[in-house]
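Report on one structure; see the data block that follows.
Chain A is the first sequence line, chain B the second, and so forth, proteins listed ahead of strands; every chain is numbered from 1.
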Amino acid sequence: MIISKYLDGLNKSQKEAVESTEGPLLVLAGAGTGKTKVLTSKIAHLISLRKASPSNILAVTFTNKAAREMKYRIGQSLGSMVEGMPWLGTFHSIGAKILRIHAELAGLKSDFTILDTDDQLRLIKQIIKSENIDEKRWPPKLLLGYIDTFKNKGLMPTEITYNQDYQFANRKASELYGLYQNRLSILNSADFGDLLLLSLNLLKRNTDILNKYQNIFLYILVDEYQDTNVAQYLWLRLLSQKNSNIACVGDDDQSIYGWRGAEVDNILRFESDYPGAKIVKLEENYRSTEKILGAASGLISYNKDRLGKTLIANIKDEGEEVHIRSVWDAENEARLVTDEIEAKQSKGAKLEDIAILVRASFQMREFEDRFIMSGIPYRVIGGPRFYERQEIKDAISYIQVVSNSNNDLKLERIINIPRRGIGNSTLQALNKIARSNNISLFLAAKQIIETDEIRGQTKIKLANFINSIELWKDAKSSSHHTDLVKRILDESGYTEMWQNDKSPTASGRLENLKELIGQIDGFDSIDGFLDHVSLVMELESDTSAEKVSLMTLHSAKGLEFENIFLPGWEDGLFPNQRSLDEKGNSGLEEERRLAHVGVTRAKKSLWITYALNRRVYGLWQQSIPSRFIDEIPEEYKDFDAEYINTNNYYQQERQSKYKNFDAGYTKNNNNYQKESQFTREATGTKIPAWKRIKKNNSVTINAEFQEINIKRKTNFIEGQRVFHEKFGYGKIIDINQLKLEIDFEKSGIKTVLESYVKIH
DNA sequence: TCATTACTCCTTTTT
DNA sequence: GGAGTAATGA
């Protein structure tokens, strides 16, 4: 029987989730419990029972990768009988699709361009300038952040109340947001947030259209529901209102995108949002050993706001303890990890089964250095994306200008790259004409070269450039699109610019341009390619090669590896100080969920390390092990002597460091204290001298304190011989407030804070 | 218009 | 410490 094929491999709760097709359903799927399997089987089930044809199922994911994976797996379980699911994709791509169909209703044309962050920022800068707002006092980036937040919340400029508005240049955030939207409309462009916001608005305001989609989407499936923001939530609600067949899969313990507007509340509230909702918990974990799961469960149990589920190990193997190691600094950390990798390798482990997950991308550097040095092949996942590279963006901008020369933002980007003598003053003149006549820059340029407003050389150069664009536009219909791109890059002098560039990155950039042309060749037309570029930022890389993976914890969600290394578990770095400062306890909980995500990536072995010293903004700081290390139950971890002996000290340090914040924390969480007393007894061990040095510049200190510090003069004088715990003896060569530049006898010239230095 | 210098912010995470 | 940007001068 055909049905059994995909139902066979499912456990009881998975099967229940798959077979509950009617009405609202929330599947709480813990890490490694077969979430994707449930989703794909469910789709297969719907299709093979003929409850819906593939085109009547809306299935949304967050990443293109997840969408691809789902498509692939559905194809596998149904054989070839499923041909394309038009409504399976990311929130953004489906939003874009709907928006293109009804663009006029949103003040756009159906061929609108999708802006990236660069363009957004450029636009916002222009608006801030034209409104005579001081860019220094009110940074464009801040406004961009506010606008994004508005959009994440599903708010149009006119819907923002006084109280919701931000303190940006006299509460002008919403007003500027309105101006920004107007500009976007004039430019026939939408930013990322618009793809959702505008399509949401469309559905809200046009019942006929809403009706149409409600009738198309007989079944709605949502992946990673815990990551949805308000706009996405409202969008889903509207679409599911009619027939209520909405199945959301998610894990509140893996909600790690709060900073991007995700609302864990959406998942916590599901039952009250959808009365009569069925809830299925998937708790059987098929990934990790018992000890790793125990560590993960212990850790996440410190979170208060959760729906509560317990991961049960399906793999009956205790496995190794979680290894906790302390190291002197980041360099040693990288060495320890690579040594361990090499040891594993010699025992037969494969490099592709090993991953290093960091909290922040700056941590990657030490590892890369070390890998290069020891010749270990590695790959960075989610690093600087292909389409975000400068040369690729430039090239694409050229293509976009040829495709639509009224794209002012792109034209501005390339008008003087390579240098062709069209500088700022010319550009400003163009902008002025464009504004006053309400035309695009391109048209303004055409106009200006007919007049005498600009002089000799500049005029000729501008005329030449405009002329070239016209020529390329003419060639668009007659030549093959790949040839046209080659021609544009050559004739514009862009390729030549990099050929003449002597910097070491130049050859790589030329390679990338070649790669880009190869990519373009894979598409039928330029427009098809452009749409792909704006929605699919990543470029698939081969995951098969024998390489260690290096990535951030965020990009590791959804992946699994035999061996996981989690470096940098230090207070301030992880949990991240800024998270804590900005969002207090909920920030801490999100960090903890991130830690939980990290731990649950591991199948067999897990190493957590922390460095006692780390360089922050070029200055050396001493650090304390992360509280998350404490929170992993004793019986699941194995740690070195250093950690046990000094832990009591760390506990105190941490508490004084977060005095205000911890007050609430300990009150809310009895476990924390109980656990600490139970597991940690004062050992009476003497704390090494360097640790007793009083800190006066921890990562964050209240403003008052810092002020005093800056005003205070250092007692050191130039030429003095001093001692530093890390670098040894040295001589002060320069003093800048509390920063001392010291020429160390063994480690060379370094800048350090005076508090780490003793007079010798 | 372009090159050099000074200054800034940064290091959370991304569709 | 270092990248990116704005200000400054040639």
**Prompt:** Between A:E582 (CD) and B:dT11 (C1'), how many Å, whole number?
**Reply:** 13 Å

**Message:** Check this one for me: any side-chain N or O of A:S361 less than 4.0 Å away from OP1 or OP2 of B:dT13?
**Reply:** yes

**Message:** Between C1' on C:dT5 and CG on A:L121, what's the gap in Å once rounded to a whole number?
**Reply:** 12 Å

**Sugar-phosphate only, base, or nothing, as touched by A:F362 at under 4.0 Å among non-hydrogen atoms** = base

**Asked** Between the side chains of A:E591 and A:S579, does any donor sit under 3.5 Å from an acceptor?
**Response** yes

**Message:** Side chains of A:N512 and A:E391 only: does a donor on one sit below 3.5 Å from an acceptor on the other?
**Reply:** yes

**Message:** Using 30° and 60° as the class boundaries, would you call the ring planes of A:W498 and A:Y494 parallel, tilted or perpendicular?
**Reply:** perpendicular

**Asked** Do you know which two heavy atoms are closest between A:T63 and A:T61, and how far apart they sit?
**Response** O-OG1, 3.1 Å

**Asked** Starting at the 5' end of DNA chain B and moving along, which residue's nearest nucleotide shows up first, A:K141 or A:S555?
**Response** A:K141

**Request:** Let me know the distance between CG of A:L462 and C1' of B:dT1, rounded to the nearest Å.
**Result:** 15 Å

Strictly under 3.5 Å: I want the nitrogen or oxygen pairs between protein and nucleotides 3-9 of chain B, one per line.
| residue | atom | partner | partner atom | Å |
| --- | --- | --- | --- | --- |
| B:dA3 | OP2 | A:R419 | NH1 | 3.1 |

**Message:** Does A:E560, at its CD atom, have more than 12 non-hydrogen atoms belonging to other residues, nucleotides or ligands within less than 6.0 Å?
**Reply:** yes

**Message:** As a test of reading the structure: which of B:dC2, B:dT14, B:dT11 is closest to the side chain of A:Y257, going by heavy atoms?
**Reply:** B:dT14

**Prompt:** What nucleotide among B:dT13, C:dG1, C:dA6 has an atom nearest to a side-chain atom of A:K125?
**Reply:** C:dA6

**Request:** Validate the cation-pi geometry between A:R100 and A:F112: distance from NZ or CZ to the six-membered ring centre under 6.0 Å, angle to the ring axis within 45°.
**Result:** yes

**Asked** Taking everything shown except A:E582 itself, do over 12 heavy atoms lie less than 6.0 Å from its CD?
**Response** yes

**Prompt:** Does NZ or CZ of A:R260 lie under 6.0 Å from the centre of the six-membered ring of A:Y257, at an angle within 45° of the ring axis?
**Reply:** yes

**Complete:** Of the listed C:dG1, B:dT11, B:dT13, the closest approach to the A:W259 side chain comes from B:dT13

**Asked** Please give, in whole Å, the distance from B:dT13 C1' to A:E590 CD?
**Response** 9 Å

**Asked** Among residues 146-154 of chain A, which residues get a heavy atom nearer than 4.0 Å to DNA chain B?
**Response** none

**Asked** Nearest of C:dG2, B:dC2, B:dT15 to any side-chain atom of A:R365?
**Response** C:dG2

**Prompt:** With a cut-off of 6.0 Å (strictly less than), are more than 12 heavy atoms of other residues, nucleotides or ligands near CZ of A:R365?
**Reply:** no

**Prompt:** So does A:K557 have more than 12 non-hydrogen atoms from other groups sitting under 6.0 Å from NZ?
**Reply:** yes

**Message:** Give me the distance, rounded to whole Å, that separates B:dT11 from C:dA6 when you measure between the C1' atoms they each carry.
**Reply:** 22 Å

**Message:** Could you tell me how far apart A:L99 (CG) and B:dT15 (C1') are, to the nearest whole angstrom?
**Reply:** 16 Å

**A:L195 CG to B:dT14 P, straight-line distance once rounded to whole Å** = 19 Å

**Message:** Just N and O in the side chain of A:T552: are any of them under 4.0 Å from OP1 or OP2 of B:dT14?
**Reply:** yes

**Length of the line joining A:I415:CD1 and B:dT1:P, which is rounded to integer Å** = 11 Å

**Request:** Round to the nearest Å and state the distance from A:D227 atom CG to B:dT15 atom P.
**Result:** 11 Å

**Request:** Could you work out which one of B:dT14, C:dG1, B:dT13 sits closest to the side chain of A:H554?
**Result:** B:dT13

